[in-house]
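Working notes, beginning with the structure itself.
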Amino acid sequence: MSTTKYIIVSGGVLSGLGKGIAAASIGHLLSSRLKIIPIKCDGYLNVDPGTMNPFEHGEVFVLDDGGEVDMDFGHYERFLGIRCQSKWNLTMGKVFNMVREKERRGDYLGKTVQYIPHVTDIIKDHIYEIAKEESADLVIVEIGGTVGDIENELFLEAMRQMKEDVGRENIVYVHLTYVPIPHGVNEQKSKPTQQSVNLLKQRGIFPDIIIGRCSEFLTKEIRSKISNFCDVSPEAVITGLDVDDIYEIPIVFEKEGLAEIIHKKLNIYSPPDLRKWKELVDNIRNPKSEIIVAICGKYTKLGDSYASIIESLNHCSAHLGCKIHLRWIETTDLEDASVLDGMDGVIVPGGFGSRGTEGKIEIIRRAREKDIPFLGLCFGLQLAVVEYARNVCHLNGANSTEFDPDTSFPVIDILPEQKDIKEKGGTMRLGAYEAILRKGTMVSRLYNSDVISERHRHRYEVNPEYHKILTDNGLVFSGTSRDGRLVEFIELPELKYFVATQAHPELKSRMEEPSCLFYGFVQASLRSR
Ligand code: GLN
């Protein structure tokens with residue numbers, strides 16, 4: 001019999017109800033005594049989201065091992081305080097690759113390869129293998145999409161089969177639905193939940209716990225109605241409250257008694273300990289100061305594209321008791337960098353392609369000239385170097401060869417190891433890389449260390465041929481790769497805060513431990529107010 005316990009999280013009615021945050025919050029609640037491993041199953045046929053546009057799929061989250069994974073892994077890492085592995089994101093693209101490899105190797109020995117059992121076996125074996133490798137006490141499997149979608153049928157079927165393999169007492173099915181309060185009716189409605197649970201039951205999955213996303217706490221009446229129609233006990237109907245800040249969800253779930261229900265069903269005991277967490281959430285709720293931060297990008301209409309940056313700022317709010325108002329600046333048609341007036345700080349995040357770059361360069365120039373705290377992330381570093389080359393080093397027309405291959409001053413150029421790569425998927429410089437920090441710089445003070453590691457996702461770098469002219473003109477390289485070839489951090493020491501990195505420090509920021517580059521940036525923005 002298996003010793004690992006499993007929680008399967010599915011969703012119904014609508015997409016975007018926050019299954020990832022619900023799964024991460026359940027994990028957080030139960031994490032005091034258990035080793036918890038999150039797994040996410042995504043029904044699409046891409047091998048990973050790395051080749052998808054952020055408009056399609058939100059932020060691409062990058063792990064230490066270089067895996068490009070679903071953005072829910074950001075929530076898992078931030079709520080569970082763990083480092084995830086790319087293997088834990090199982091897409092249908094990966095599943096089909098595995099099936100095809102097995103078939104070509106002849107592993108199926110003359111059999112007709114079928115969705116059931118062959119595809120579902122691959123899914124289950126993958127999950128059991130991770131549970132074993134990690135000696136997990138509890139595996140939380142989140143099934144992407146909504147019940148009834150064609151693309152997640154095979155994952156749901158595999159989840160149904162799992163109860164036979166692991167024993168009904170070792171698996172809990174949680175279903176997240178939506179409880180609307182229609183305008184004019186002014187009453188919580190259970191029908192969408194009933195219908196969604198029916199769809200799940202048609203697939204042989206009988207949920208143990210139902211989380212109803214709602215703008216208010218579920219009433220006694222609706223709990224008993226859902227309990228009655230959906231065959232769960234009334235205390236297993238949990239409110240998934242709309243909150244201003246996602247970090248409140250574990251607190252809501254605790255109040256709703258979710259941990260006790262899971263303890264009882266799985267026969268485990270791991271009491272929630274939310275003391276520190278609540279203090280931090282309280283700081284976000286009751287800020288003592290405020291700042292306005294501009295974020296410049298081309299996906300500014302979709303907060304999901306910059307999820308980790310937003311969360312990194314939230315982590316700073318929680319520690320500094322400071323409300324951070326965000327102003328999204330779409331730089332594509334930017335006419336005048338004076339939009340920065342009145343801002344306490346500006347972030348230029350990662351990005352690809354030429355659209356909006358000239359606007360971002362103007363924004364960076366303004367930040368430098370007016371001494372507005374600036375944090376550049378990956379593309380943000382590259383554009384800060386272009387700006388410095390053009391306007392301080394007088395290399396007119398300096399640019400990145402990413403969008404100006406014929407520039408006379410290619411200050412940003414493709415990494416040598418990237419030159420011959422033709423395939424797009426998973427081929428960037430990806431994952432955790434070490435940087436050596438230069439003593440005495442602001443960056444080394446912020447990290448309080450000489451050697452650090454951050455995650456990367458890029459193909460271009462500061463061209464080594466221009467290192468000398470940039471540094472001779474005052475740009476400080478505060479961190480580089482061990483051999484000094486790759487510029488990992490830059491700063492302008494005479495300004496309040498002008499720091500950029502080739503890495504994505506936002507990917508490792510945690511509620512309990514904010515990224516120090518963001519922390520320094522928010523502190524400087526507060527001071528410069
Ligand atoms: N487009 C740039 C590169 O590939 C920056 C990438 C990024 O910001 N993640 O190097």
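In listed order, ligands and their atoms are each counted from 1. Model, not experiment: these values are computed from the prediction. These values consider heavy atoms only, across backbone and side chains, with no hydrogens, waters or symmetry-generated copies.
Contact atoms of ligand 1 toward Gly350: 8 (O) (distance under 4.0 Å to a heavy atom of the residue). Atom numbering of ligand 1 starts at 1 in the shown order; those under 4.0 Å from a heavy atom of Glu402 are 1 (N), 2 (C), 3 (C).
The nearest protein atom to atom 9 (N) of ligand 1, hydrogens excluded, is given as Arg457 O, 2.8 Å; this is a heavy-atom distance. Protein heavy atom at the shortest distance from atom 5 (C) of ligand 1 is Gly351 O, 3.3 Å. Ranking protein heavy atoms by distance to atom 10 (O) of ligand 1, first place goes to Tyr460 N, 2.8 Å. Atom 7 (C) of ligand 1 has as its closest protein heavy atom Cys378 SG, 3.0 Å. When hydrogens are left out, the protein atom nearest atom 3 (C) of ligand 1 is Arg459 N, 3.4 Å; that is the closest non-hydrogen contact.
The neighbour count for Glu513 CD, taken as heavy atoms of other residues, nucleotides or ligands under 6.0 Å away, does not exceed 12.
Residue Met428 has no N or O atom closer than 3.5 Å to an N or O atom of ligand 1. Ligand 1 has a nitrogen or oxygen under 3.5 angstrom from a nitrogen or oxygen of His504.
The salt bridge (charged side-chain N to carboxylate O under 4.0 Å, His left out) test applied to Glu434 returns Arg482, not counting sequence neighbours. In this view, Pro287 and Lys323 satisfy the side chain to side chain contact (heavy atoms under 4.5 Å, CB included) rule, not counting sequence neighbours.
Side-chain contact check for Ile490 versus Val385: some heavy-atom pair is nearer than 4.5 Å.
The ring of Phe521 has its center no closer than 6.0 angstrom to the ring center of Phe518.
Screening Phe477, Phe498, Tyr447 against Phe489 for a ring pair (Phe, Tyr, Trp, His ring centres under 6.0 Å) leaves a single residue, Tyr447.
Ligand 1 lies out of reach of His456, whose nearest heavy atom is not under 4.0 Å from it.
In this structure, Arg390 forms no cation-pi arrangement with Tyr388, as its terminal cationic atom is not both closer than 6.0 Å to the ring centre and no more than 45° off the ring axis.
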